[in-house]
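Numbers for residues simply follow the sequence, beginning at 1.
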Amino acid sequence: MNTKEVKAFGTEAKDKDLEQMTILRREVTPTDIEIEIMYCGVCHSDLHTARNDWGGTVYPAVPGHEIIGKVVAVGSEVTKFKVGDLAGVGCLVDSCRECDSCRQDLEQYCLNGSTGTYNSKDPFITGQRTYGGYAETVVVDEAFGLHIPENLDLKAVAPLLCAGVTTWSPLIHWNVKEGSKVAVVGLGGLGHMAIKLAKGLGAEVTLFSRTPDKIQDALDLGADAVIISTYEHEMKEAAGQFDLIIDTVPYDHDINPYIATLNISGTLVLVGYLGKMEDMLHTVPLILGRKSVAGSVIGGIKETQDMLDFCGEKNILPEIEMIKMQEINEAYERMLKSDVRYRFVIDMQSLKRQVN
């Protein structure tokens, strides 16, 4: 497999800052497209991977799975894209394409293991891990490329490819529509997209917040109401209200109080936290109300494209703060303090301007 050198930003160890480095990308194969990266979103998963919070990071690591750019080369068999097209790459760059999940357009649940955009075993370059979008270019099979609606502001599109589809997928799976009652737990990168997308689908949307300081933000984003989860009287008044609760909180927390606010046959779906929960799940309200607790992760390629098309039709975009590539380490520290409303996006032109 022929390769070429590409400028990127990554880290050599969990306790080191990200810095400029050179990585290898494969040359375009017959079914590949090469994308010159214009913008790359910054996800909490990037930080967790860079610092090996989840274990398994192989260094050097180059994060970034919210990629927006322009197609600059196509393979001889490519039919989905042409040079000059806008294109995106989300959290996946390959899967087995043959298992039951893949045949249902659920590549994120590939039974043989999908290939992540970064820190996965690269199926094309033996012995190498995949590198993400903190780089000049990316090469991907056209089947895992995404078309970007031209009416959307490209600077803000990137977070749709993770934060957007992570909240879109449960909304679609649980059939949210006009008149559905949806609640969102947590107002951050995921939570603010859950509000916008649920509202776009016609749902009545409520935010659960621990403090009143998020009330105005939530209403400005389109929420119909805000419930302060630390106010016992407000939680009691909310009992039995919601068809679906999307829980975006990224750390261990007690979900039992929220289950009480589900309607009969309602579901609370976890999209933000990976790990063990210390508080035991009380099964009485589940059994007596046919309620469910579920999990969901990103979305398949078809589902992601559907979400992008929907956002194009409704002009739905995340709230972003643009940064330079050289500011990524500071951005990581700010993310840990929840000091961003609501998603960082890197202007990748700043990497090209980096002095060698």
Do [X] and [Y] sit in one hydrophobic cluster, given that two such residues count as connected whenever their side-chain heavy atoms are within less than 4.5 Å of each other, even indirectly?
X      : Y      : answer
Met193 : Val184 : no
Ile35  : Val74  : yes
Leu187 : Val185 : no
Val205 : Leu197 : no
Val269 : Ile259 : no

[atom1]-[atom2] distance between [X] and [Y], expressed to the nearest 0.5 angstrom:
X      : Y      : atom1 : atom2 : result
Lys314 : Asp309 : NZ    : CG    : 13.5 Å
Glu278 : Lys276 : CD    : NZ    : 5.0 Å
Ile68  : Leu86  : CD1   : CG    : 8.0 Å
Ile346 : Tyr134 : CD1   : OH    : 4.5 Å
Leu207 : Ile215 : CG    : CD1   : 9.0 Å
Thr22  : Glu5   : OG1   : CD    : 5.5 Å

State, without any angle test, whether [X] and [Y] hold a side-chain donor-acceptor pair at a distance under 3.5 Å.
X      : Y      : value
Asp347 : Ser350 : no
Asp94  : Thr115 : no
Arg210 : Thr230 : no
Asp100 : Gln104 : no
Asn329 : Glu333 : no
Ser169 : Glu303 : yes

Side-chain heavy-atom pair [X], [Y] within 4.5 angstrom cut-off:
X      : Y      : answer
Glu12  : Met21  : yes
Glu27  : Thr3   : no
Leu146 : Leu161 : yes
Met348 : Glu136 : no
Ile33  : Val140 : yes
Tyr342 : Pro318 : no

### Task
Start with the C-alpha distance between Asn119 and Tyr131, add both sets of side-chain angles, then the distance that settles side chain to side chain donor-acceptor pair (under 3.5 Å), and finish with yes or no.
CA-CA 6 Å; Asn119 201 49; Tyr131 295 126; over 6 Å; no
### Task
Determine whether the aromatic ring centres of Tyr332 and Phe344 lie less than 6.0 Å apart.
no
#### Entry: Between Tyr251 and Tyr273, ring centroids under 6.0 Å
no
Is it the case that the side chain of [X] and the backbone of [Y] share a donor-acceptor pair, with hydrogens and angles ignored and the cut-off at 3.5 Å?
X      : Y      : answer
Gln108 : Gly300 : yes
Thr167 : Ala163 : yes
Thr11  : Ala50  : no
Thr49  : Asp46  : no
Asp254 : Asn256 : yes
Asn52  : Thr57  : yes
Ser101 : Tyr109 : yes
Ser292 : Ala294 : no
Thr130 : Ser120 : yes
Glu66  : Cys40  : no

### Task
Would you please test Tyr59 and Arg129 for side-chain contact (heavy atoms from CB on, under 4.5 Å) and show each step?
CA-CA 9 Å; Tyr59 297 95; Arg129 307 292 279 185; over 6 Å; no
### Lys199 vs Asp224, salt bridge (Lys or Arg N to Asp or Glu O under 4.0 Å): CA-CA, chis, key distance, verdict
CA-CA 9 Å; Lys199 194 66 181 175; Asp224 297 287; 2.7 Å; yes
Check [Y] with [X], please: is the shortest side-chain N to carboxylate O separation under 4.0 Å?
X      : Y      : answer
Asp105 : Lys302 : no
Lys14  : Asp53  : no
Asp141 : Arg97  : yes
Glu321 : Arg334 : yes
Lys70  : Glu34  : no

### Message
Apply side-chain contact (heavy atoms from CB on, under 4.5 Å) to residues Glu204 and Lys181 and explain how you reach the verdict.
### Response
CA-CA 5 Å; Glu204 180 182 317; Lys181 292 187 175 182; 3.9 Å; yes
### Message
Quick check on side-chain contact (heavy atoms from CB on, under 4.5 Å): which of Leu221, Asp217, Val340 does Glu319 satisfy it with?
### Response
Leu221
### Task
Check the pair Asp247, His253 against side chain to side chain donor-acceptor pair (under 3.5 Å), reporting the backbone distance first and the verdict last.
CA-CA 10 Å; Asp247 188 324; His253 58 291; 2.7 Å; yes
### Message
Within a 6.0 Å radius of atom NZ on Lys80, are there more than 12 heavy atoms belonging to other residues, nucleotides or ligands?
### Response
yes
### Task
Determine, stepwise, if the pair Arg25 / Val138 fulfils side-chain contact (heavy atoms from CB on, under 4.5 Å).
CA-CA 7 Å; Arg25 296 288 198 200; Val138 64; 3.9 Å; yes
### Message
Run Leu160 and Leu317 through side-chain contact (heavy atoms from CB on, under 4.5 Å) and show every step you take.
### Response
CA-CA 7 Å; Leu160 293 176; Leu317 286 169; 4.2 Å; yes
